[in-house]
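Being a predicted model, the structure only gives us computed values, none of them experimental.
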Amino acid sequence: MAAPVEKGNIVVAIFYDFETGGLDCTKSAATQISLHAVRLDTFEVMAKYNAYIYPYNKKADIGKPKRKVLKNKYDAEEEEDLMEYSSAALDVSGITMDLLYKQGKPLEDVCNEICDFIEENTFPVVASNKPFMVGQNPLFDNGFMQQIMLYTGVWSRFIKLVRGAKDFWGNFQPTQLDTILLSQLTFDNDKSITTWKLEAMAERLGIDLDDAHDADADVTATREIVRVLTARMRSQSAGGTEVGGLSAEKQEKLRDHFKI
């Protein structure tokens, strides 16, 4: 699929979220990934991508493509080399190892499909307006994005598709919008707010959040939080009028359920 043909310097945001087998991206596995591509002029959801990830091993030679080897669920050696899949983390997301073995996609396929998804949903833009990543506490998710892309050797492709820059150490860091910071900018004067969790912000803005800790549900809520707050900013800048058809009002549930 080719990139959108519509002309104009339209910026796309890639909203994303991982479910994982633990909190440490150096040890724990990514179990589910969801991405929504949203054009920022209208906040139209252009496309969605969801995938469970087949259980994979730890990798010492990071950055080199992984050989495809037929896996056996009951291979004891493979089980010993697996990334961490803690029962506590799996319980939170409702994901089981059996589900990952049955419905999970190979890690390399997922990484290339992520890049395909971003590429296919990018309008012709100048380099400074490439798509940027959006998430709820995206520093956490970025660690897992780096892990899976480096494990499969796809990182060099990924960094050409998204906005970002090299840090002091020469490592590329994607540009990311954190909805926690956006919420704090909006509501820090409201002393009744005691948490910046996704569920709390969604409730504060009248946004429905089904199946919290499902990656697709969390991305939908994250997207809607940004849409509502952006609509408020644009309304203020236009003197209180609706801008470009973007409304700050609660919308109907838009989420396509991603069954676990």
Candidate pair Lys130 and Leu161, rule side-chain contact (heavy atoms from CB on, under 4.5 Å), full reasoning: CA-CA 7 Å; Lys130 286 182 180 179; Leu161 300 174; over 6 Å; no
Work out which heavy atom in [X] is nearest to a heavy atom in [Y]; give both atom names and the distance.
| X | Y | result |
| --- | --- | --- |
| Leu35 | Ile33 | CD1-CG1, 3.6 Å |
| Ala89 | Gly22 | CB-N, 3.7 Å |
| Asp216 | Gln32 | N-NE2, 4.0 Å |
| Gly21 | Ser28 | C-CB, 3.9 Å |
| Val125 | Asn129 | CG2-O, 3.4 Å |
| Asn121 | Phe117 | ND2-O, 2.8 Å |

Out of curiosity, [X] [atom1] to [Y] [atom2], how far, rounded to the nearest 0.5 Å?
| X | Y | atom1 | atom2 | answer |
| --- | --- | --- | --- | --- |
| Thr122 | Arg39 | OG1 | CZ | 12.5 Å |
| Gln173 | Asp167 | CD | CG | 4.5 Å |
| Thr186 | Leu229 | OG1 | CG | 4.5 Å |
| Thr195 | Lys197 | OG1 | NZ | 5.5 Å |
| Lys48 | Thr220 | NZ | OG1 | 5.0 Å |
| Asn171 | Lys166 | CG | NZ | 9.0 Å |

Using side-chain heavy atoms (C-beta onward) and a distance below 4.5 Å, is [X] in contact with [Y]?
| X | Y | result |
| --- | --- | --- |
| Ile225 | Ile207 | yes |
| Tyr52 | Leu99 | yes |
| Val134 | Arg223 | no |
| Cys111 | Phe158 | no |
| Tyr49 | His36 | no |
| Tyr16 | Asp141 | yes |
| Lys58 | Asp81 | no |
| Met83 | Tyr151 | yes |

Side-chain hydrophobic cluster, 4.5 Å single linkage: members besides Leu181: none
Co-members of Leu185 in a cluster of I, L, V, M, F, W and Y side chains, linked at under 4.5 Å: none
Going hydrophobic residue to hydrophobic residue with side-chain gaps under 4.5 angstrom, can you get from [X] over to [Y]?
| X | Y | result |
| --- | --- | --- |
| Ile148 | Leu139 | no |
| Ile95 | Leu82 | yes |
| Tyr101 | Tyr85 | yes |
| Tyr56 | Leu23 | yes |

Could you check whether any side-chain N or O of [X] sits under 3.5 Å from a backbone N or O of [Y], counting only pairs where one atom can act as donor and the other as acceptor?
| X | Y | value |
| --- | --- | --- |
| Arg163 | Ser128 | yes |
| Ser93 | Leu90 | yes |
| Ser235 | Ala231 | no |

CA sep, side-chain torsions, deciding dist, call: Ile118, Val162, side-chain contact (heavy atoms from CB on, under 4.5 Å): CA-CA 8 Å; Ile118 296 172; Val162 298; 4.0 Å; yes
Looking only at side chains, do [X] and [Y] share a donor and an acceptor under 3.5 Å apart?
| X | Y | answer |
| --- | --- | --- |
| Tyr54 | Glu108 | no |
| Ser34 | Asp17 | no |
| Gln136 | Thr179 | yes |
| Asp98 | Thr96 | no |

Full working for side-chain contact (heavy atoms from CB on, under 4.5 Å) between Gln147 and Lys59: CA-CA 10 Å; Gln147 180 215 99; Lys59 190 173 179 66; over 6 Å; no
Aromatic plane relationship, Trp155 with Phe172 - under 30° parallel, 30 to 60° tilted, over 60° perpendicular: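 Perpendicular.
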Phe144 and Phe18 aromatic ring geometry - parallel, tilted or perpendicular at 30°/60° bounds: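 Tilted.
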Stepwise side-chain contact (heavy atoms from CB on, under 4.5 Å) test for Gln184 and Trp196: CA-CA 8 Å; Gln184 289 173 341; Trp196 304 104; 3.4 Å; yes
Ionic contact status for Arg157 with Asp116, cut-off 4.0 Å: yes
With Glu84 via salt bridge (Lys or Arg N to Asp or Glu O under 4.0 Å) - residues at least two apart: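 By the salt bridge (Lys or Arg N to Asp or Glu O under 4.0 Å) rule, Glu84 matches no residue at all.
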